[in-house]
Amino acid sequence: MSLINLPGLIDPHVHLRDPGQTEKEDFYAGTCAAIAGGYTTIIDMPNNKFPITTLERLEEKISIAKRKIACDVGFYFGSAGDNLDEFEKAKDKVLGLKLYLNQTTGNLLIFKNLLEKTFYAWSKSCSKPILVHAEDKSVEDLINIVKKINTPTHFCHISLKSELKMIIDAKEKGIPVTCGVTPHHLFLTEKDVKILGPFGQMKPPLSSKKDQDFLWKYLRYIDVVESDHAPHTIDEKRGKGTVFGVPGLETTLPLLLTAVSENRLIFDDIIRLCHTNPSKIFGIKTDSQTKIEIDLQKSYIINRKSLFTKCGWSPFEGWKLKGKVKRVFIRGEKVFEDEKILAMLGSGETIMNT
Ligand code: DOR
Ligand code: ZN
């Protein structure tokens, strides 16, 4: 067996659905999925059924999390541009502000005419990043706002060549932007939607091979791989109307390790994209006793039966991957070994960053 150690990974983009939609996921199942996937810290998005746009909802969410989480969890605040007076109250309890410029799960959406005011209010209250869900043309509008207000802004799940080009250009001009890509945009394309049907529907949608090739070619400009773990039940996925999102916590690292075994990546890329940069961008303290052990030689087939996520499916089901998480330690405590979770309910820490 050839084992290697990596630092505990950080996923800054997950939707654990708790409270409000715990039939899809909850803090315990979601954090067990994180640990099984090699993550020791994750950051939860605010588009809950009742969006996290007030201090009261945020505090309720944090207190539920404290009782259930098995790894460390941080939170983002949300805004539709109508809760600016909550920023000052919430800022110390979150790691950033998330804004949705395009429709996705939930109804947390901000109109373009409120963006500048919202950016300004957040940047006045703290220096934590603003994260944006911006597809296509919205990227350009936002870069102009970031240039003006000069506050650190993270573009989530970049999927198009045109988007990454604009971000590279902004970075070269010294505008404080960072960006993430998802494993599904790196490993699936629009062609897979034909096979996956509703299980291949997410926002942003899967893009063309040309777009995907551009993401791989310019990976050095990408700051973070973020799973955008967005579970929905199998029934909802199969049902009438589209629900957008795919789970990703348990498959992201194995996909990246497989890419290493195929010489498409090196380990340092994984450390940079899934540990060092997310830690820097979102202000997460690291600990040398928080680490994971990987069995590099282990090949296996992704099977829904062995997943911890409550939704119980994966768009990568049936894929043969190489490289498996063997053990996970958080602050020296063994929390996972050989497919078994050893962490206690509520043993993770909620991350506050004042
Ligand atoms: O596909 C997606 N699903 N994209 C998002 O931006 C949100 C997510 C969700 O919450 O389901
Ligand atoms: Zn998301």
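We use all heavy atoms of the structure for the numbers below, so side chains are in, but hydrogens, waters and symmetry mates are not. In each ligand, atom 1 is the first atom listed, and ligand 1 is the first ligand listed.
- Ion pairing between Arg272 and Asp223 fails under the 4.0 Å rule for side-chain N and carboxylate O.
- Note: Phe77 and Trp122 have parallel aromatic rings, judged against thresholds of 30 and 60 degrees for the angle between ring planes.
- With a 6.0 Å radius and a threshold of 12 heavy atoms from other residues, nucleotides or ligands, Glu140 has its CD atom at or below the threshold.
- Around the Zn ion (ligand 2), protein N, O or S atoms at a distance under 2.8 Å total 3; waters are neither shown nor counted.
- Under 3.5 Å, the side chains of Glu25 and His229 contain a donor-acceptor pair of N or O atoms.
- Ring geometry, Tyr221 versus Tyr218: the interplanar angle falls from 30° to 60°, so the pair is classed tilted.
- Under a hydrophobic-cluster definition in which Ile, Leu, Val, Met, Phe, Trp and Tyr are linked whenever side-chain heavy atoms come within less than 4.5 Å, directly or via other members, Leu160 and Phe244 are assigned to different clusters.
- In the hydrophobic cluster analysis, where Ile, Leu, Val, Met, Phe, Trp and Tyr join through side-chain heavy atoms closer than 4.5 angstrom, Val73 is grouped apart from Leu95.
- For the side chain to side chain donor-acceptor pair (under 3.5 Å) with His232, the qualifying choice from His15, Lys237, Lys24 is Lys24, the only one to do so.
- Protein residues having at least one heavy atom under 4.0 Å from any atom of ligand 1 are His15, Arg17, Asn47, Thr104, Thr105, His133, His157, Met202, Lys203, Asp228, Ala230, His232, Phe244, Gly245, listed by chain and number.
- The hydrophobic clustering, which links ILVMFWY residues whose side-chain heavy atoms are closer than 4.5 Å, places Ile52 and Ile62 together.
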